[in-house]
Structures are given as structure tokens and as C-alpha cells.
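Below: one structure, written as C-alpha cells.
All values derive from a computational prediction rather than experimental measurement.
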Amino acid sequence: MRHLLDTTDLSLQEIDEMIALAMDIIEHKEKYAHYCQGKKLATLFFEPSTRTRLSFTAAMYELGGHVLGFDDAGSSSATKGESVEDTVRMAGCYADIIAMRHPLEGAPRVGAYRSAVPIINAGDGGHAHPTQTLTDLLTIYREKGTFDNLTIGLCGDLKFGRTVHSLIKAMCRYKNVRFALIAPKELQVPDYIISDVLEPSGCKYAQVETMEAVMPDLDVLYMTRIQRERFFSEEEYLKHKDAFILDKKKLWNAKQDLTIMHPLPRVNEISTDVDDDPRAKYFVQALNGKYIRMALIIKLLEWGGMM
């Protein structure tokens, strides 16, 4: 049984295969319209989500499958004290594959210990968001044609942003990748990302506090929102929420082929005057999420011998 709990669960060859499959789906949608006919996806979302849940739902429907589940812990038996393990074992009785989001870090891994079907981590607290990372990788590949020799700027909440942590882990595995970590000191990446990921990989990185300091060097600019739900107090949130806002003026010396990304939802960290810039790819990125999740569902079912 194969699960996707972290991006590092996949080898580079498997990521390449998944990207290639997603590209084929984009080009030949009709070929996959009945691929998962008779299969069911359970979406167990103990934490609110819009894009991730909808893209999983759309992905399974476009593969000809069915979807069941819940989008709020309050509508599940978790309110009665049911454990994650029991919820997963129960859902596995009714579905062939599970996509699970949970506010507690490690919860999908706990569920995977007892699951009879593949589990996809759709986000666990501030830890990881591997399917968003696959979405990001597909977007970077479609725009750049490679993962090597890129300078990637990560801007905003880098401390609590699980999408940032997952993307760093994934991109560190490619050749000559450099990172510009753009955040206030209080919201820089956790120490373990530096000590356990960046430094062992040999990737070059710089921690800076303004976009302007690195903008001309960037091939990709990955914006993130300041997340209210990740702060310990409202005062701390209000202190930082407007600290990093991308607008047209900040792009004056950016590369003409810069790729601007954002996992969404956007609050105000990207001004709407950037939306019409051809370098803005965050809504294309959201669409890519459907295609890569289609590829992931196919691959996990195949690897588990369930197709």
C-alpha cells in the first residue's frame, strides 16, 4: 500500500512520472474520462478548505469516479471523540482512496498506520501539504520546462506556511536551486528547515526582509498569505498581516519571464493590479492542482494494485 504523506515519499523518478502523466491528462482529457469508473474517493477534511477539496472532487469526477466525505470536523464523529485511526478505517470500508486534511501535524500518518486504502495528506497543520507541492512543481515545469538552475523567492509567512516547507523539501532535490527567503525575522522558516533540509542539501539560500533586495534575481516568486489561524494572538497577526504586499511597482526590475505563484487564498498580499500581468500564474496554478491530483489518484490506485 502506498500513501502520500510527504513529498519525500516520492522518488524523483516517481515525481517525473506523475508530472508526465499530468501533462498527458492536460493534452488528452478524453482518454482518462472513465479511468476511475466505479472507484470512490473519501474526502476527510477536519479543517476548512476550498481549493484543495474542490480540486480533489473535480479530479475524481473527471476521472469518472465518485466522491463522499465531509468538509468540517463538526459534521464528523470526531465531535463524539472518535479517533483519527477509527475514522480512517471506517472510511476505508466505503472508499478506494482517501484525501485527508487535519489541523494536527502528523494526523494523516497516524491514520495511515491502519488504513486499508491509500491516504493522501491534503495538509496537516503547519507541517506539510504535498499535493500543493505537486501542484507547484507542475506549474514550475509548465512555465520553466525544468526544475534545475532556478532561483526561487519565497515570501510572507515562512514559519507556519506548510506549502513553503513542502516546496523547499521538494526543490532541494534538484540541481543548482537557490532560495531567497523573504520574511520578517519572526516569520522566517523554522530552524529544522535550515538544519535538516537546506544545509544538508547544499542548496544556497539567503534570508532577507524585502522583495526589492532580490527581485532582479528571481525566476519564481512564491507569495504566501499571513495566516491568522497560525498565530498565537490577534495582536501578533495584526502586526504582520500587511508587511509584504506585491504590487506592480515592485515588479519594475523583475525578469520578463518571472513566474509569480501563490497557493491561495489571497488576502491582500498580491495587489489585484498584478492579476493582468502575464507573469501572474496563481490561477493557472490552481487549475494545475486538478490535473496533478488526477495523476496522483491514478498512480496511487495503480501502485496499490487497485486498478
Side-chain angles (χ1 to χ4, degrees), residues 50-52 54-55 129 132-133 135-147 149-168 171 177-189 204-231 236-292:
T50 302
R51 274 145 301 281
T52 303
L54 290 179
S55 64
H129 196 347
Q132 180 63 51
T133 301
T135 298
D136 299 339
L137 292 177
L138 177 59
T139 304
I140 291 170
Y141 185 79
R142 291 188 73 188
E143 298 302 321
K144 299 298 181 185
T146 183
F147 297 121
N149 305 309
L150 297 176
T151 298
I152 300 174
L154 301 163
C155 182
D157 178 1
L158 309 188
K159 182 176 182 179
F160 299 104
R162 59 192 170 198
T163 61
V164 168
H165 305 164
S166 288
L167 184 58
I168 291 173
M171 289 302 299
V177 174
R178 300 166 297 279
F179 293 97
L181 307 175
I182 311 162
K185 291 179 181 178
E186 298 89 340
L187 292 178
Q188 272 292 352
V189 295
K204 294 181 179 179
Y205 67 93
Q207 294 178 296
V208 300
E209 295 189 35
T210 68
M211 281 182 262
E212 292 86 341
V214 294
M215 187 66 79
D217 303 320
L218 301 181
D219 299 301
V220 175
L221 175 58
Y222 193 96
M223 298 294 298
T224 65
R225 68 188 174 95
I226 303 295
Q227 303 178 80
R228 173 184 263 117
E229 64 267 30
R230 304 298 178 203
F231 276 87
E236 282 295 304
Y237 168 72
L238 293 173
K239 177 182 174 183
H240 293 296
K241 73 181 183 72
D242 295 325
F244 296 86
I245 298 175
L246 177 66
D247 56 26
K248 280 288 237 184
K249 292 179 181 178
K250 289 189 176 73
L251 290 169
W252 74 271
N253 61 347
K255 292 181 178 180
Q256 289 303 305
D257 63 346
L258 173 69
T259 297
I260 303 169
M261 299 171 62
H262 192 306
L264 303 177
R266 167 177 60 179
V267 182
N268 67 344
E269 59 278 0
I270 300 180
S271 172
T272 55
D273 68 6
V274 177
D275 291 356
D276 293 329
D277 191 302
R279 295 170 290 188
K281 300 297 180 181
Y282 27 92
F283 291 109
V284 173
Q285 183 182 353
L287 178 59
N288 286 336
K290 178 183 69 174
Y291 297 129
I292 200 66

Please tabulate, for side-chain N and O atoms in residues 254-263, each donor-acceptor pair with protein atoms closer than 3.5 Å (sequence neighbours left out).
from: Lys255; atom 1: NZ; to: Asp219; atom 2: OD1; distance (Å): 2.9
from: His262; atom 1: ND1; to: Leu264; atom 2: N; distance (Å): 2.7
from: His262; atom 1: NE2; to: Glu269; atom 2: OE2; distance (Å): 2.6

Listing, residues 204-214 side-chain donor-acceptor contacts under 3.5 Å, not counting sequence neighbours, or none:
from: Tyr205; atom 1: OH; to: Glu199; atom 2: OE2; distance (Å): 3.2
from: Gln207; atom 1: NE2; to: Gln188; atom 2: OE1; distance (Å): 3.4
from: Thr210; atom 1: OG1; to: Ala213; atom 2: N; distance (Å): 3.3

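To the nearest 0.5 Å, atom CG of residue Leu221 and atom OG1 of residue Thr151 are 12.0 Å apart. One distance of note links OH of Tyr282 with CE of Met223; it measures 9.5 Å at 0.5 Å rounding.
The backbone N or O of Ile140 sits nowhere less than 3.5 Å from a side-chain atom of Lys281 that would complete a donor-acceptor pair. Without hydrogens or angle criteria, Ser271 side chain to Leu246 main chain gives no donor-acceptor distance under 3.5 Å.
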Check the pair Leu181 / Ile168 against side-chain contact (heavy atoms from CB on, under 4.5 Å), numbers first and verdict last. CA-CA 10 Å; Leu181 307 175; Ile168 291 173; 4.3 Å; yes
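Not counting sequence neighbours, Arg178 has no partner by the salt bridge (charged side-chain N to carboxylate O under 4.0 Å, His left out) test. Scored by the salt bridge (charged side-chain N to carboxylate O under 4.0 Å, His left out) test, Arg51 finds no partners at all (sequence neighbours excluded). Partners of Asp277 according to the salt bridge (charged side-chain N to carboxylate O under 4.0 Å, His left out) rule, which considers only residues two or more places apart in sequence or in another chain, are Lys248, Arg279. Partners of Phe147 according to the ring pair (Phe, Tyr, Trp, His ring centres under 6.0 Å) rule, which considers only residues two or more places apart in sequence or in another chain, are Tyr141, Tyr174.
Taking all atoms of both residues into account, the shortest heavy-atom contact from Ala280 to Asp275 is CB-O, 4.0 Å. Between Ala183 and Gly156, the shortest heavy-atom distance links the atoms CB-O, 3.2 Å.
Here the side chains of Leu137 and Met171 are in contact, with some heavy-atom distance below 4.5 Å.
The side chain to side chain contact (heavy atoms under 4.5 Å, CB included) test with Asp136 is passed by exactly one of Val164, Ile152, Ile292, Leu167: Leu167.
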